[in-house]
Asks: 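Provided herewith is a single structure, encoded as structure tokens, for subsequent inquiry.
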Number of protein chains: 2
Amino acid sequence: MITTQAYAHVCAKPKKHVDKTPMTKSGPGIKTQNITSADVARLAGVSRSTVSRCFKKDSRISDNTRKRVLEISDQLGYQVNKLARSMSTKESDLVGLVSSGLHDPFAVILVDQLISTLQKMGLHPILLDASNETQLDISIKKLAQYQVKSIVITSGSPSSSIGAKFINRDIPVILLNRAGQLDQANLINCDNQKGAMLAAQALIDAGHKKLAFINSSFSTFSGVSRRDFFEQTLALKTSTGDVTLEKINVDETGYEAGFKAALKTLSQPDHPTGFFCATDNIAFGFMDAARYEMGKKIPDDVSVIGFDDLPLSARPTYDLTTIKQCPNDLAKAVAECIDKIDSTSERTRKIIPVSLIKRKTITAPPQEPSGKPSLKD
Amino acid sequence: MITTQAYAHVCAKPKKHVDKTPMTKSGPGIKTQNITSADVARLAGVSRSTVSRCFKKDSRISDNTRKRVLEISDQLGYQVNKLARSMSTKESDLVGLVSSGLHDPFAVILVDQLISTLQKMGLHPILLDASNETQLDISIKKLAQYQVKSIVITSGSPSSSIGAKFINRDIPVILLNRAGQLDQANLINCDNQKGAMLAAQALIDAGHKKLAFINSSFSTFSGVSRRDFFEQTLALKTSTGDVTLEKINVDETGYEAGFKAALKTLSQPDHPTGFFCATDNIAFGFMDAARYEMGKKIPDDVSVIGFDDLPLSARPTYDLTTIKQCPNDLAKAVAECIDKIDSTSERTRKIIPVSLIKRKTITAPPQEPSGKPSLKD
DNA sequence: TTGAATTGTGCACACGTTTGCACAATTTGG
DNA sequence: CCAAATTGTGCAAACGTGTGCACAATTCAA
């Protein structure tokens, strides 16, 4: 009945103090065998269990053996195989981080913050690119394969079918500045409503009557959200005809969107004078085109306000008045969310505050419609 | 002799067609059990081996069973556990990517390219931040724990002790635009020599006699390399006194370094007129300070050339003449290097070409020393 | 009709770790 | 001096997958 040798081995009488640690064959192969806990166990004259326990805080291990084991480990350059550990403990230090590339400057800052925040928590992000929706679904599947502790999404939204299959199950998903048709997901957003309100107020307070909102037509949740809140804030004044609002969408993204929007809009004789751009990056494009292509002075001819407060916004070339959202706060919120993910099953719903940063791109509108220079003043 | 039940079980007579697939207990626990190959095996009425083989191309599996297994897998949302697979096959799709944050704009573009290139190869980058040297060593250890296929380093250089312990062993390291005191590592660099030569030529050709090189004093390999080659190229002319070269280091990084350098240098009465900045980002800072703080006109008062060719360099605000290095080519070289990593043991040594991009920041130097305005012209 | 070649599938073990349980050795309390 | 408590360590099983080997079933050749 018993055929293979292995059985015989297993059933053999236990030897004294050595558990089966098959000598790692140092054959002629170029790629040398990895060092395992068995190797250090053999050298230290202990079992693999003991080695394992030496790396845990609360284990009952004598100071003596622990010291010896740690010493030998270091000497051998032994590093725990986290893959094996994860298999055993069913826990993972890996976190999925999916972003739509690093083209958008705010995304870059956000990802940067996330990476260093996660790193401080002892977590390691696998970074995946997801430029389109199907790509995002694929990415989620891939991350599931790595048994990640959590998935942080900073672009796009997972299709609900994928959501049903994976997210529902056991991988918590955190949507950052994203729409949340997936109510199983954790949601963290900056306060787009407050931001849009502040922007509207800033332009109105400066005396602008003809306003415009500029956005990329490929823009996702944030842009649309800001537009809607902007419109909503102005509703009272637009309904009386006191103020006009032009909503401009351009088939480009970021800087180029702003650039094109300026070319298109500022060539109209009676164009708006107060511009709210969905992002700072759009504002940069808008300003460059306004200045260098359309010969406008900012803020004398047109006023501009952005959203994000990128480092570039503070530089003298732009000196852009904008709504600041703090990537550090967003990252912190993600950290908190991940922290309490295994303890509670309730979903996070968090809004991060924003603030108005006044710089030099907003002033009162020109007296006369552009084209006819004013005589007074 | 045989004491535990387990032995009895192992030695028991094999049942008909069902191998031991302990029913995943669907207990009251919130976190539902992961779906494993055993689950789909049971539902498909096959063994786990068969399920495993259904996901491999060349396995001898009947079309019928494969179809059925794949169907059930999909239906169940089964995803291979890559950690377990890696343990078994001793191969990994994970690649370590270590960068010193995403503050430097060229690093961002490079990382972006690397991520999408790796993703196309079916590899997944674990992104680690390594701002300082010890941090880098820690990062390498961490990555070793994850059994990564390779480590790509875009900042700093691993200490040679770590190199000896890990890199030597079996994790191939790729140093990107880095110094290589580690000769076990694979080296990929852009052609700093050619770049510095082109920059020198461009300034000399425009008629400049008083040159300067601007760099951050924290700058690593690339900056130092460019400075040395710049100096070397000019050696003949500086030795005759025909041309002067001032080497400026500032205790800041990137934009701020350039900004400060301009404040310091351009306040001198007889300052240089042709500036080679180690990076475009430094050039931006330099130009902003020169224009807005020192009241200089570019290129009329001072000429500037950068290195990298960032997207921002092409925009009208800067319109910077620069040396272009192509991040895409660097990424491609990394891909090639990784591709042949298991087949050959020889190290990669690759230089990526650069080119001069002429824009609007270089012209002839002003006739008279700045300060005394020229009467003619 | 029989023996050989081919095809499809299961079994058992391996990968490197963690951990409940058992147990020997030591210390403690009475 | 003995029982009980404590301490330190080893054993074996588990995590989920891949794969060499064995073997049954089928096809093919003679």
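Below, chains carry the letters A, B, ... as their sequence lines are ordered, and counting in each starts from 1. Because the structure is a prediction, the values reported are computed rather than measured.
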Asks: Report the nucleotide, chosen from D:dG10, D:dG18, C:dT17, that has the shortest atom-to-atom distance to any side-chain atom of A:Thr50.
Replies: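 Selected nucleotide (nearest to the side chain): D:dG10.
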Asks: Return each pair, listed once, that meets side chain to side chain donor-acceptor pair (under 3.5 Å) where at least one residue sits in residues 331-340 of chain A; pairs must be two or more places apart or across chains.
Replies: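 Output for this query lists A:Glu336-A:Lys350.
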Asks: What residues, two or more places apart in sequence or in another chain, satisfy side chain to side chain contact (heavy atoms under 4.5 Å, CB included) together with B:Ser100?
Replies: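 Per chain and number, B:Ser100 pairs via side chain to side chain contact (heavy atoms under 4.5 Å, CB included) with B:Ser155.
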Asks: For nucleotides 21-28 of chain C, print each protein N/O atom paired with a nucleotide N/O atom at under 3.5 Å, atom names and distance only.
Replies:
none

Asks: Determine the contact category for B:Lys56: base if any of its heavy atoms lies under 4.0 Å from a base atom, sugar-phosphate if only primed atoms, P, OP1 or OP2 are that close, otherwise nothing.
Replies: sugar-phosphate
Asks: Once side chain to side chain contact (heavy atoms under 4.5 Å, CB included) is applied, do any residues pair with A:Ile138, and if so which ones, sequence neighbours excluded?
Replies: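 By the side chain to side chain contact (heavy atoms under 4.5 Å, CB included) rule, A:Ile138 matches A:Lys142.
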Asks: List for me each residue that meets side chain to side chain contact (heavy atoms under 4.5 Å, CB included) alongside A:Ser73, sequence neighbours excluded, and say none if there are none.
Replies: A:Val40, A:Phe55, A:Val69, A:Tyr78
Asks: Does anything in residues 112-124 of chain A pair up under side chain to side chain donor-acceptor pair (under 3.5 Å), and if so which pairs, sequence neighbours excluded?
Replies: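 Residue pairs passing side chain to side chain donor-acceptor pair (under 3.5 Å), neighbours aside: none found.
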Asks: Taking the side chain of A:Ile61 as its heavy atoms from C-beta onward, which of D:dT9, C:dT17, C:dG10 lies nearest to it?
Replies: D:dT9
Asks: C:dC15 base to B:Ser86 side chain: any donor-acceptor pair below 3.5 Å?
Replies: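 No pair found.
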Asks: Angle between the two end axes of the helix from C:dT1-D:dA30 to C:dG30-D:dC1, five base pairs per end, rounded to 10 degrees?
Replies: 40°
Asks: Of all residues at least two apart in sequence or in a different chain, which pass the salt bridge (charged side-chain N to carboxylate O under 4.0 Å, His left out) check with B:Asp129?
Replies: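 B:Asp129 satisfies salt bridge (charged side-chain N to carboxylate O under 4.0 Å, His left out) with no other residue.
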Asks: Ignoring hydrogens and angles, answer whether the base of C:dC11 and the side-chain atoms of B:Ser49 contain a donor-acceptor pair closer than 3.5 Å.
Replies: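 Side chain to base: pair present.
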Asks: Restricting to side chain to side chain contact (heavy atoms under 4.5 Å, CB included), what partner residues turn up for B:Ser62, sequence neighbours left out?
Replies: B:Asn64, B:Thr65
Asks: So, A:Asp93 and A:Lys82, do they make that salt bridge, N to O below 4.0 Å?
Replies: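 A:Lys82 and A:Asp93: salt-bridged.
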